[in-house]
Amino acid sequence: MLKVYHAPNTRSVRIVWLCEELGLDYEKVALEFDPKVLQSENYLKINPLGKVPSMEEDGLVINESGAIVQYLLEKTGDKDLQPAPGTPERGRYLHWFHFAEATLMPPLGNIAQHAFIRPEEKRISAVAEEGKEMAIKILKLLDKELEGRSYIAGEKFSAADIMLGYDLLLAKLFGLLTDAMPNVLAYFNRLAERPAFKKATGQ
Ligand SMILES: N[C@@H](CCC(=O)N[C@@H](CS)C(=O)NCC(=O)O)C(=O)O
């Protein structure tokens, strides 16, 4: 059976959310977000960098959240959560699917590391501050993109919303979602209403 290694409020939310949207039969392996767990000898055999998410099925292990999402969509033959290959809709979908991890996550990751995760003596406040400035700049761009759109790739919910929705969950936890970005707020609330999101975030 498909195993999903998951720790609360981490990128593994994306995978649990997707599995729930697809109605997959899967086993959730709950991990604490703690170096003692993630850097344990056992877990390093699954994920040599000690990060989440990871998935394991029939001897195949994948450790990158976007790759896991894409793999599961392909494996299940899903046509509902992604536009058809080669269409302009697919181009827009791919842009935002990858934007979530490649462009918005780095500043959010810097905030996480330098404001919350690292021991105080290893935090650099300027890195957290710069992360915050960049994240807000990107969220305002996103606000414009969402003007007149229900979902990031268009009128239909897609896996790009799952990728990006996790970023917004973090941005919300960091207090970055404000009235200055009403479209982002409405979009996030729309995503957060989904039963699969609620299951993935333990609400
Ligand atoms: N690009 C990877 C990043 C994975 C990642 O950095 N995960 C974080 C949690 S959101 C983690 O496990 N951090 C623990 C660590 O770096 O020690 C992905 O999308 O799966």
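Whatever order the structure lists ligands and atoms in, that order sets their numbers, starting from 1. The figures that follow rest on heavy atoms only: side chains count, while hydrogens, waters and symmetry mates do not.
Side-chain contact check for S150 and E155: at least one donor-acceptor pair (N or O, by modelled atom type) lies under 3.5 Å. Using modelled atom types and a 3.5 Å distance limit, the side chains of E57 and Y26 yield no donor-acceptor pair.
Within the structure, the salt bridge (charged side-chain N to carboxylate O under 4.0 Å, His left out) test picks out the following pairs touching residues 188-203 (sequence neighbours left out): E20-K199, E21-R194, E193-K198.
Partners of K36 by salt bridge (Lys or Arg N to Asp or Glu O under 4.0 Å), not counting sequence neighbours, listed by chain and number: D34. Evaluation of the salt bridge (Lys or Arg N to Asp or Glu O under 4.0 Å) rule for R14 yields E101, D167 as partners, not counting sequence neighbours.
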Run the side chain to side chain donor-acceptor pair (under 3.5 Å) check on D161 and Y187 step by step: do they pass? CA-CA 9 Å; D161 297 304; Y187 169 64; 2.6 Å; yes
Any protein N or O within less than 3.5 Å of an N or O in ligand 1? List each pair with its distance, or say none.
unit_1	atom_1	unit_2	atom_2	d
ligand 1	1 (N)	E64	OE2	2.3
ligand 1	1 (N)	E101	OE2	2.9
ligand 1	6 (O)	R11	NH1	3.1
ligand 1	7 (N)	R11	NH1	3.4
ligand 1	7 (N)	V52	O	2.8
ligand 1	12 (O)	V52	N	2.9
ligand 1	16 (O)	K51	NZ	2.7
ligand 1	19 (O)	E64	OE2	3.3
ligand 1	19 (O)	S65	N	3.4
ligand 1	19 (O)	S65	OG	2.6
ligand 1	19 (O)	E101	OE2	3.3
ligand 1	20 (O)	S65	N	2.8

